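Reading through the structure tokens given below for one structure.
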Amino acid sequence: MAFKLEIAESEEKKEKYEMLLPQIRALIKDESDLIANLGNICSALKYSFENFIWVGFYLKSKDNPQELVLGPFQGRVACTRISFGKGVCGKAAESKMTVIVENVEEFPGHIVCDPLSKSEIVIPVLKDGEVAAVLDIDSGDYSCFDVTDKKYLELMIEKIINIFPGK
Ligand code: SME
């Protein structure tokens, strides 16, 4: 059955996230396939926020535990592999901490995928204390992301962590 995403009309991102998070949980609750669920989460996020130009997951590579590999995403084509420690995604994976970049041009080692990207947030997905994936969101505006995005995106990951396989 088709799922109709309701997007808050408010300009307040807090209200958008508060409307979106329960819908994301509803969207994935009857499906066990990780890729299908991550694909829908990317779409729900991208189409809820007009200035999100790229939303995607990089998953921990099965061949190399120190490397991320491109997973489901919405947006322009992107680089497929990122080593831990490299770029914004690799820094988030290495530190196991969310990284907010207000201006990607000022981030040393930033990996350019979409030249229209101006700011970025990367949230690590930690399962049993280990990095299972990262969620990467790019915006076409500078300084798009702040503590509100961090709070709600980390909460979203916490609420959906059961869809990721354990060790
Ligand atoms: N900018 C990221 C690379 C991934 S793309 O933005 C989709 C980084 O520096 O890790």
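First listed ligand is number 1; within each ligand, the first listed atom is number 1. Just so it is clear, the model here is predicted, and its values are computed rather than measured.
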Handout entry: For S32 against N37, the heavy-atom pair lying closest together
Key = C-ND2, 4.2 Å
Practice task
Might you point out which heavy atoms bring I100 and D146 nearest each other, and give the distance in Å?
Solution key: CD1-O, 3.7 Å
Exercise for the section: Can you pull out the closest protein heavy atom to atom 2 (C) of ligand 1? Residue, atom name and distance to 0.1 Å, please. Expected result: E120 OE2, 3.1 Å
Completion exercise
min-distance protein heavy atom vs atom 3 (C) of ligand 1 -> I111 O, 3.5 Å
Practice task
Answer yes or no: is there an ion pair linking R81 with D63, defined by an N-O contact shorter than 4.0 Å?
Solution key: yes
Handout entry: Any donor-acceptor pair under 3.5 Å from K96 side chain to G129 backbone
Key = yes
Practice task
Determine whether E154 and T98 make a side-chain contact, defined as any pair of heavy atoms from C-beta on separated by less than 4.5 Å.
Solution key: yes
Exercise for the section: Evaluate the side-chain proximity of E31 to N40: yes if any heavy-atom separation is below 4.5 Å, no if none is. Expected result: no
Practice task
May I ask you to check if ligand 1 and V88 share an N or O to N or O distance below 3.5 Å?
Solution key: yes
Problem - C79 N/O to ligand 1 N/O under 3.5 Å - result: no
Atoms of ligand 1 close to [X] [distance to a heavy atom under 4.0 angstrom, numbered from 1]:
X	result
C113	3 (C), 4 (C), 5 (S), 7 (C)
H110	1 (N), 9 (O)
G87	9 (O), 10 (O)
D138	6 (O)

Heavy-atom contacts under 4.0 Å between [X] and ligand 1: side chain, backbone, both, or neither?
X	result
W54	side chain
C89	both
D136	side chain

Exercise for the section: Please verify whether a non-hydrogen atom of Y58 lies at under 4.0 Å from ligand 1. Expected result: yes
Exercise for the section: Keeping to residues at least two apart or across chains, list the ring-ring contact (aromatic ring centres under 6.0 Å, His included) pairs with something in residues 127-157. Expected result: Y17-Y152, F52-F145
Exercise for the section: Look at atom CD of E18 and say whether more than 12 heavy atoms of other residues, nucleotides or ligands are closer to it than 6.0 Å. Expected result: yes
